[in-house]
Peer 1: 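Structure incoming, see below.
In the text below, chain A, chain B and the rest are named by the order of the sequence lines, each starting its count at 1. The basis for the numbers below is simple: all heavy atoms, side chains too, and nothing from hydrogens, waters or symmetry mates.
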Amino acid sequence: MKIATYNVNGINGRLPVLLKWLNETEPDIVCLQELKAPQEKFPEKAIQDLGYHAIWNGQKSWNGVAILSRTDEVQEICRELPGDEEDIQSRYLEAMVAGIHVCCLYLPNGNPAPGPKFDYKLRWFERLTTHAAELLASGKPVVLTGDYNVMPTELDVYKPERWHEDALFRPEVRQAFKTLVDQGWTDAIRKLYPDQTIYTFWDYFRNAYGRNAGLRIDHFLLSPSIAPRLTAAGVDSAVRGWEKTSDHAPVWIELSDE
DNA sequence: ATGTCAGGTTGGACCTGA
């Protein structure tokens, strides 16, 4: 079974790219982030026509997450991260698919830092960590995936010295990611490729993709009950070179049958 | 500092967020 995560950066603006990629790679389960579309503007028909069930949590202009499945039904569990009833940003969606507890998240960017946006990012991270601990304690097979907006280590940044003050790389944020992973989660890409330079994002400026000036900020965290099933993982980086494409590339993992 | 996108709008040119 293949599970993918993809920050599409506008699902309607990038729809041809999304559909082409789905057709070519046929992931079983897909988590999408940055839909940038209100609930009623999700391209449900186009995605259904490719054979996918979908649930989504939309929002006008910004954010927005979705979970797609072409195997089993998607049984929604919740559409907000617990811990702040005043948080109205659509950044979280959790569902049961094919016996797997799938959590799709779009962690706040946090720039400029320091500032209220950075504070919001850290609070969001704390809420995620609290919720993740409960999921771990349940013992269920859980996949916690999406755009974390964090480069965990210097290996995940093309020029670390330029990013130390950025909200995606500041020590507080890297520590927050480490605290989360240290609960017992497996970073799928790093488990299989501990020393390789692997990026999932290249910004639109200065030919970043052409120069491979990238970041690794989209991650798969696996609970101990599912991590032993991990057989492969990768980034469909060629998609980043397509016309009218997102600044992120799709990331995927392959799981063996139980 | 630079640079490039998408979505949105006190309307086709500028704003925000990334």
Peer 1: For A:Leu15 and B:dA6, what is the distance between atoms CG and P respectively, to the nearest whole Å?
Peer 2: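 A:Leu15 atom CG is separated from B:dA6 atom P by 13 Å.
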Peer 1: Rounded to whole angstroms, how far apart are CZ on A:Phe205 and P on B:dA1?
Peer 2: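 Result: 13 Å.
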Peer 1: Base, sugar-phosphate alone, or nothing: which one does A:Lys244 contact when heavy atoms must sit under 4.0 Å apart?
Peer 2: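 Sugar-phosphate contact only - A:Lys244 comes under 4.0 Å of backbone atoms but never of a base.
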Peer 1: Could you tell me whether A:Arg127 and A:Asp87 have a side-chain N and a carboxylate O separated by less than 4.0 Å?
Peer 2: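 Salt bridge: yes.
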Peer 1: What nucleotide, of B:dC5, B:dG3, B:dG17, holds the atom closest to the side chain of A:Arg14?
Peer 2: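 Shortest atom-to-atom distance from the side chain points to B:dC5.
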Peer 1: Quick one: which of B:dG17, B:dT2, B:dA18 gets closest to the side chain of A:Lys36?
Peer 2: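 Nearest to the side-chain atoms of A:Lys36, counting from C-beta on, is B:dG17.
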Peer 1: For A:Tyr120 and B:dG17, give me the distance from atom OH to atom P, rounded to whole Å.
Peer 2: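 Going from OH in A:Tyr120 over to P in B:dG17 covers 13 Å.
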Peer 1: Contact class for A:Tyr106 (heavy atom, under 4.0 Å): base, sugar-phosphate, or nothing?
Peer 2: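 Since only primed, P, OP1 and OP2 atoms lie under 4.0 Å of A:Tyr106, the category is sugar-phosphate.
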Peer 1: A:Lys60 side chain N/O closer than 4.0 Å to the phosphate oxygens (OP1, OP2) of B:dG8?
Peer 2: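 Checking A:Lys60 against B:dG8: no side-chain N or O falls below 4.0 Å of OP1 or OP2.
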Peer 1: In whole angstrom, what separates A:Glu165's CD from B:dA1's P?
Peer 2: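 For the pair A:Glu165 CD and B:dA1 P, the rounded distance is 13 Å.
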Peer 1: In whole angstroms, how far is the C1' atom of B:dA18 from the CG atom of A:Asn7?
Peer 2: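 The answer, rounded to whole Å, is 9 Å.
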Peer 1: Could you tell me whether A:Arg190 and A:Asp156 make a salt bridge, using a distance below 4.0 angstrom between a side-chain N and a carboxylate O?
Peer 2: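 Answer for the salt bridge query: yes.
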Peer 1: Take atom P in B:dA1 and the same atom in B:dA6, then report the distance between them in whole Å.
Peer 2: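 25 Å, rounded to whole Å.
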Peer 1: One thing to verify: whether A:Glu161 and A:Lys159 come together as a salt bridge, which I'm taking to mean a side-chain N less than 4.0 angstrom from a carboxylate O.
Peer 2: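 Salt bridge: no.
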Peer 1: Can you confirm if the NZ or CZ of A:Lys20 lies within 45° of the ring axis of A:Trp242 and under 6.0 Å from the centre of its six-membered ring?
Peer 2: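 Yes, a cation-pi geometry holds between A:Lys20 and A:Trp242.
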Peer 1: Taking the same atom, C1', in B:dG7 and in B:dG12, what whole-Å distance lies between them?
Peer 2: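 Each nucleotide's C1' atom is 15 Å from the other's.
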Peer 1: Of the listed nucleotides (B:dT16, B:dG3, B:dG8), which one gets closest to any side-chain atom of A:Pro38?
Peer 2: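 The answer is B:dG8, which lies nearest to the side chain.
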Peer 1: When you get a sec, tell me which of B:dA6, B:dA18, B:dT4 is the closest nucleotide to the side chain of A:Tyr204?
Peer 2: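 Selected nucleotide: B:dT4.
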Peer 1: Give the rounded distance in Å between these two atoms: CZ of A:Arg162 and P of B:dG3.
Peer 2: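 Atom-to-atom, A:Arg162 to B:dG3, this comes out as 15 Å.
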Peer 1: Pick one for B:dG12: is it syn, with its angle within 90° of 0, or anti?
Peer 2: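 What B:dG12 shows is a syn base, its glycosidic angle lying within 90° of 0.
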Peer 1: What is the distance, to the nearest angstrom, from the CG atom on A:Leu18 to the P atom on B:dA6?
Peer 2: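 Atom-to-atom, A:Leu18 to B:dA6, this comes out as 15 Å.
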Peer 1: Could you label the plane-to-plane angle of the A:His219 and A:Phe177 rings as parallel, tilted or perpendicular, counting under 30° as parallel and over 60° as perpendicular?
Peer 2: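 Because their plane-to-plane angle lies in the 30° to 60° range, the rings of A:His219 and A:Phe177 count as tilted.
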Peer 1: Distance check needed: B:dG3 C1' versus A:Arg211 CZ, whole Å only.
Peer 2: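 Atom-to-atom, A:Arg211 to B:dG3, this comes out as 10 Å.
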Peer 1: Which sits closer to the 5' end of DNA chain B, A:Asn12 or A:His248, going by the nucleotide each is nearest to?
Peer 2: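 Taking each residue's closest nucleotide, the earlier one in sequence belongs to A:Asn12.
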Peer 1: Between A:Ala37 and A:Gln89, just flag the one whose closest nucleotide in DNA chain B comes earlier from the 5' side.
Peer 2: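 Its nucleotide being nearer the 5' end, the pick is A:Ala37.
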Peer 1: B:dC15 and B:dT10: how far apart are their P atoms, nearest whole angstrom?
Peer 2: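 One P to the other, the span is 13 Å.
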Peer 1: When the ring planes of A:His248 and A:Phe201 are compared, do they come out parallel, tilted or perpendicular, using 30° and 60° as the limits?
Peer 2: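 The arrangement is perpendicular - the two ring planes meet at more than 60°.
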